[in-house]
Amino acid sequence: MTNDLTIAKALNQALRTAMEEDSKVLLFGEDIGKLGGVFRVTDELHKDFGDHRVLDSPLAESGIVGTAIGLAMRGYRPVLEIQFDGFVFPAFDQIISQLAKVHRRTNGSVKLPITIRIPYGGGIGAVEHHSESPETFFTHIPGLRVLTPSDPQSAYSCLLSAIRSNDPVIFFEPKRRYWDKGFVDRTESPVDPWRARIVRTGSDVTVVAYGPMVKTALQAANASEYSLEVIDLQSLSPLDDRSIADSVERTGRLVIVHEAPGNLGLGAEIAARIGKSCFYTLEAPIERVTGYDIPYPPSKLEEHYLPDHDRILVAVDSAMEA
Amino acid sequence: MTNDLTIAKALNQALRTAMEEDSKVLLFGEDIGKLGGVFRVTDELHKDFGDHRVLDSPLAESGIVGTAIGLAMRGYRPVLEIQFDGFVFPAFDQIISQLAKVHRRTNGSVKLPITIRIPYGGGIGAVEHHSESPETFFTHIPGLRVLTPSDPQSAYSCLLSAIRSNDPVIFFEPKRRYWDKGFVDRTESPVDPWRARIVRTGSDVTVVAYGPMVKTALQAANASEYSLEVIDLQSLSPLDDRSIADSVERTGRLVIVHEAPGNLGLGAEIAARIGKSCFYTLEAPIERVTGYDIPYPPSKLEEHYLPDHDRILVAVDSAMEA
Amino acid sequence: MTTAPQPQNPAVQLLTPEGELVTHESYSLDLTHAQYKSLYREMVFVRRLDQEATALQRQGELGLWASSLGQEAAQVGSAFALEKNDFAFPTYREHGVAWMRGVDPMKIMEVYRGISNGGWDPLEHRCNSYTIVIGNQVLNGVGYAMGCTLDQSEDAVITYFGDGATAQGDVNEGFVFASTFDAPVVFFCQNNQWAISQPSEKFVKTPIYKRADGFGFPGVLVDGNDILAVIAVTKAALDRARSGAGPTLIEAFTYRMGAHTTSDDPTRYRHENDLQNWKLRDPIERLKVMLARNGIADRNFFDAIDIDADAWAHTLRAAVRSMGEPAPESIFDNVYADSHEALDAQRAAFLDYHEGFADSGVQS
Amino acid sequence: MTTAPQPQNPAVQLLTPEGELVTHESYSLDLTHAQYKSLYREMVFVRRLDQEATALQRQGELGLWASSLGQEAAQVGSAFALEKNDFAFPTYREHGVAWMRGVDPMKIMEVYRGISNGGWDPLEHRCNSYTIVIGNQVLNGVGYAMGCTLDQSEDAVITYFGDGATAQGDVNEGFVFASTFDAPVVFFCQNNQWAISQPSEKFVKTPIYKRADGFGFPGVLVDGNDILAVIAVTKAALDRARSGAGPTLIEAFTYRMGAHTTSDDPTRYRHENDLQNWKLRDPIERLKVMLARNGIADRNFFDAIDIDADAWAHTLRAAVRSMGEPAPESIFDNVYADSHEALDAQRAAFLDYHEGFADSGVQS
Ligand SMILES: Cc1ncc(C[n+]2csc(CCOP(=O)(O)OP(=O)(O)O)c2C)c(N)n1
Ligand SMILES: Cc1ncc(C[n+]2csc(CCOP(=O)(O)OP(=O)(O)O)c2C)c(N)n1
Ligand SMILES: [Mg+2]
Ligand SMILES: [Mg+2]
């Protein structure tokens, strides 16, 4: 069965599927019930599954994650919604001290199959704290997995995999792409969320992106005079650097794109790994096209902060001219 | 005036100096009064400066940082103690959402000259949450500065600079080196905390370390058959990559050492920057010697987790043999 | 869905919804006629500001707006009670407070237009930037108050938060720190019945003001739509704070008459009825009736204010529409207070890059 | 420094410090003689465990120890009140609770020896791993209790924390969530008067149990050194929880007779006097006098238990000393539940590396 769905709707469908296939899956978060979440990703689910499967939480993120851990110990598979990227930090302690460590601490006795959905990234003209890209903080934490889809199909497949995973998964949703449409195959899983996927093949430069920047990278590829291979990471942790290396072995050049500040952004890790594994085949320095090392700016200025296809093209040119 | 001091005592002296030179400097944290802190870094200061300069706080880290922000708005220069590395996370939200952003948000009107002292790192045989190296989380946040000393002299100079800085500074203290002794020149500042310093010159391989690993790197340098140049970063943010690059331009080889997990550890950023800036002079892939991507293990196993001089030597050999 | 809840315990009231002055055993307020009239004027302007901003948002001139409609008495009244040197820590909704602290409304507009994240200088107005992360400002305010004590000054602090915010750890830690240090702070909770789509009675099983007791300081419930009671109660709490007796929690029972923000759609979760009930308790109407009934003001006065407000709103609208935009490279400003070479280098590269596009004629 | 504080309001007591049985208007307890005797035995063993561990730490066999000395009645009594399927969420100090949940003390030793961060299987014993980050376990316990409700089971939860912990955001958020969802959880606060060097009266301006009221559920103060009162009060709270009526906060007023941990030096911050006062209120002595006075047990019984405990402690000591160490590569175990190639690769490289040293004869 295929359908033309928005990312938001694909996520909604994935939640529905997960709830249908496992009665232990429950949704928990602020305003996710009647309101359907501020982005309506949980639309209709409260109505269809009821109070015991879709729970509105008090306004306290540490509380949401902290109690979800207890729910998981009791056998539930909570899928949490954090309303915006900038509001996950009150829960950071529970995430790093408990969520990420309990399975290891208990020698495998206690599993915490918890998914934390977080709409993230900029570009929607929002006020402060509503446009952050905090993936570094979670990718650096052992014990967590981190996924982020880029289109409706990966949204559907990644979210289902996240919920089915027996490990805690931080699931970043590219909020400014929520309304992008695409086909979704729901009968099987045509996408392996844990692997990077080549979303456009090319021979001159490998461009690695994830989440909202995949579309931007594809735009750049369309506009470039060079042949760009665009890779969508999907999984930020574990990082599928082998797929990147395979591509770089062919192209000899790498450009990495993300919205988060460059300093210790994910691009740093990718550059470090590929710089080592492809040391003898890299023909140019690895380029990073990222947010600057500043707090996310007020919305009227966000376009100057966010990587766009021009900045990617300039980086591609640098790589080609090196 | 020079003295043979431990790092803990050098820090204590720096606090005393700062409190003497500016009556707005005050200390705030758990058990820092009569007890003098669990590591005695604030020893005697409560007695000598009184209740209004050395304040024991309730047991709540978000509260400590959150109220310190208000104190700074009122003109104070709070120096906070977080008891152990693993207990800074309840304060993470106040740090990232307020501490790091207020100066920018207020267009420079409000300065937050707050120093957060955090004993960090492993090697002391402690229970869980007492051996973490969380520097990535803070180094990735624009608006913060991050310092970590490696010996008594840098401890003294760095802490004074942190307190005198008009920006918030996260100050990581290498707890397992607290009792290491060395000379401290307190009359002037022989060390610029914001620059990396070459603590041993060499010509074959540049070894970059910081905090507790500087000593380990020096041990490796002593044991190596090659000539190692050892760099102590001191400042993790901003990162003085130019000094590293200068060294690598001479040696052609780089090994980075830290305790934190490798994945998105500081080594990633250093490797990414040097991989780019020294692309044409690097003679071998950049090596990282780091903690593994696992939660810090129980203490009986920590020696297997922590980089030691053998692991550094193996990395040096790899770099030389590449 | 339920009908509009009433505070379970009698709230302090000095002015009934019908505009009658009543007495209270513990609280009273003695204002001049001029002051009563000025309070009315302030509330009308604050409401007009809110209306105008809502309209500007619809027209695309603002990115978002959080309406203060219905909460004018709680905001204007509590801020009126402050001394000049006191310090206010608002959330994102306290336009009435910012107004009373002398903040230029254009600076508020800057924040919701996306030109600045802060707008005004908090130290100049002794009114903090709006805080969006729920609860953060409570601890910041308590810290500021601790500083007032250390300074042995008589300054006090008021920190605002909503009913929803009472769930946050930071708010409760604020109670602990304030209690421990006898900080001169007033915790001013506007219980406007809603946290976005969540009715407050769902998460708050006991009246909010009762929370204070267990932290070792008093709590007071006040009719938040009665500006006189709000002033009296807030003044008393500030006096207490100044005297060194420590914090007070005030629960101002009010109602969010608008949507949560312009992005919100309250029809998904609340009945129109609730709103109608609360319209009968409108804080501005109430004071107006009192002024008229007691012959303090007449129709000419009210009309003149409306005309003033209209004119003012007109100017505001025009000013917002023609607001300039900061230079792109200003995104690098003020990230650090001390010099920062690495960021200077990023700014320089940024300028070079845009220079490049300008030269080549490419649109960036 | 002050003399040992007394609870300001009368705490529930069924057994006086002098070992007299007294009645209480709301609480009573009916135990068999065998049960009384077994409670005594459990407390003696828990104390012995604590002594032994303290000694082992001094001898370098443990990395650290957090003593439960003086808190045996609070811990053994509250855990005694649990049903088999109830779930306990301890801090790092509840050795008496772990003991009562059937956790092998060797597993506790593993944690403090640095061999494991968790020791036992929490699901098997329905007793969570020790939680070190202050307050975290309170939310985890509340969540588990919410699950009990969703399951429509009669299971209940008890979650432990100290007086110091009441300042933490997580603990207060735990109160909010429990109240909102009527979660079947008992908040059991051992007010042992100290949070490391901080006397509880410094940060807690009003008795802790009173905190509950403002969150919408009852709080009870109990003499934490009176095991009978602890059992009665905890049982009542658990029953209430099971019935769907929601949480209860119990403040068990007790005293930390030892140092905070073996790393601590209490002479820096407290008078020896305080301790002496509290020795008169020793929880074990109190029950012993009651047993003797009422002819429930005699000297032979007490002596036999001491001999048993000695023998047991001897075995424990030997076992700890000869405890094996996990394989180095086990540090990679159980980081993830599902397969994880990247980490498998790290483990393989780790093994290769050590293999290399083994081959070359180099000591790693
Ligand atoms: C930490 C955090 N979580 C979530 C949000 C999103 N959010 C913004 S306002 C709001 C509701 C606030 O309700 P209340 O405290 O009652 O204040 P009100 O909006 O009614 O004035 C929420 C959930 C936020 N801003 N910060
Ligand atoms: C979040 C956090 N901050 C600080 C610490 C360090 N610490 C360990 S125990 C303790 C005092 C706890 O006091 P209390 O809650 O009264 O429990 P008690 O030790 O008396 O049983 C502190 C500050 C910690 N473990 N976690
Ligand atoms: Mg509200
Ligand atoms: Mg205690």
Side-chain angles (χ1 to χ4, degrees), chain B residues 30-40 43 46 56-64 66 83-84 86-91 93-94 124-132 261-263 290-306 308-311 313-315 317, chain D residues 63-64 66 92 110-118 129-130 132-136 162-171 195-198 202-204 260-261 263-266 268-270 325-333 335 340 342-343 346-347 349-350 353-354 356-357 362-364:
Chain B
E30 295 159 11
D31 305 292
I32 64 167
K34 272 186 196 152
L35 186 64
V38 292
F39 290 108
R40 309 290 185 264
D43 198 25
H46 178 260
D56 278 317
S57 76
L59 206 179
E61 288 75 9
S62 190
I64 294 171
Q83 206 160 70
F84 280 91
F87 307 143
V88 67
F89 302 116
D93 179 41
Q94 284 282 353
I124 63 159
V127 293
E128 207 185 351
H129 310 291
H130 291 67
S131 307
E132 312 274 311
N263 187 28
T290 71
Y292 301 104
D293 294 320
I294 59 176
Y296 197 88
S299 61
K300 285 274 184 194
L301 296 173
E302 66 181 336
E303 61 172 310
H304 302 294
Y305 171 88
L306 290 168
D308 58 11
H309 72 280
D310 280 333
R311 282 179 61 200
L313 291 177
V314 170
D317 289 351
Chain D
L64 184 83
Y92 41 83
E110 279 185 12
V111 175
Y112 282 104
R113 192 174 165 91
I115 280 177
S116 160
N117 284 333
S129 314
Y130 281 173
I132 291 175
V133 181
I134 299 293
N136 280 181
D163 43 296
T166 58
Q168 280 286 4
D170 272 13
V171 173
I196 308 189
S197 71
Q198 303 301 305
K202 184 162 167 188
F203 300 124
V204 182
H260 170 66
T261 66
S263 297
D264 182 36
D265 173 11
R268 292 179 75 103
Y269 57 81
R270 79 177 176 190
E325 263 179 47
E329 68 274 18
S330 72
I331 63 176
F332 296 97
D333 292 351
V335 176
H340 199 287
L343 206 56
Q346 284 191 22
R347 185 205 320 260
F350 176 91
Y353 171 83
H354 286 279
F357 277 101
V362 178
Q363 285 287 337
S364 78

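In the text below, chain A, chain B and the rest are named by the order of the sequence lines, each starting its count at 1.
Ionic pairing of D31(B) and R268(D) is not present here: no N-O contact between side-chain nitrogen and carboxylate oxygen is shorter than 4.0 angstrom.
With a threshold of 4.5 angstrom between heavy atoms, P326(D) approaches chain B through its backbone and through its side chain. Proximity to chain B (any heavy atom under 4.5 Å) is shown, for D265(D), by both the backbone and the side chain. For I331(D), the parts lying under 4.5 angstrom from a heavy atom of chain B are both the backbone and the side chain. Using a 4.5 Å cut-off between heavy atoms, Y296(B) contacts chain D through its backbone alone, with no side-chain atom that close. Heavy atoms of A327(D) lying under 4.5 Å from chain B belong exclusively to its backbone. Heavy atoms closer than 4.5 Å to chain B are found nowhere in T166(D), neither backbone nor side chain. For A165(D), the part lying near chain B is the backbone, with the side chain staying farther off; criterion is any non-hydrogen pair under 4.5 Å. Interface remark: R113(D) contributes backbone and side-chain atoms alike to the contact with chain B (heavy atom separation under 4.5 Å). Contacts of Q198(D) with chain B are made by both backbone and side-chain atoms, with heavy-atom separations under 4.5 Å. Proximity to chain B is limited to the side chain of L343(D), based on heavy atoms less than 4.5 angstrom apart.
For the pair V335(D) and P295(B), the minimum side-chain heavy-atom distance is below 4.5 Å. Using a 4.5 Å heavy-atom threshold, the side chains of H130(B) and I132(D) count as touching. Side-chain contact between I115(D) and P298(B): absent, with no pair of heavy atoms (C-beta onward) separated by less than 4.5 Å.
Residue with the most contacts toward chain D among V127(B), V38(B), N263(B), I124(B): V127(B) (heavy-atom pairs, distance under 4.5 Å). Ranked by heavy-atom pairs under 4.5 Å with chain B, the list A342(D), S263(D), G164(D) is led by G164(D). Counting heavy-atom pairs closer than 4.5 Å to chain D, the top-ranked of the candidates E61(B), K300(B), H309(B) is K300(B).
Shown here are the ring-ring contact (aromatic ring centres under 6.0 Å, His included) partners of F332(D), two or more places apart in sequence or in another chain: Y292(B), F350(D). In this structure, H129(B) has no ring-ring contact (aromatic ring centres under 6.0 Å, His included) partners at least two apart in sequence or on a different chain.
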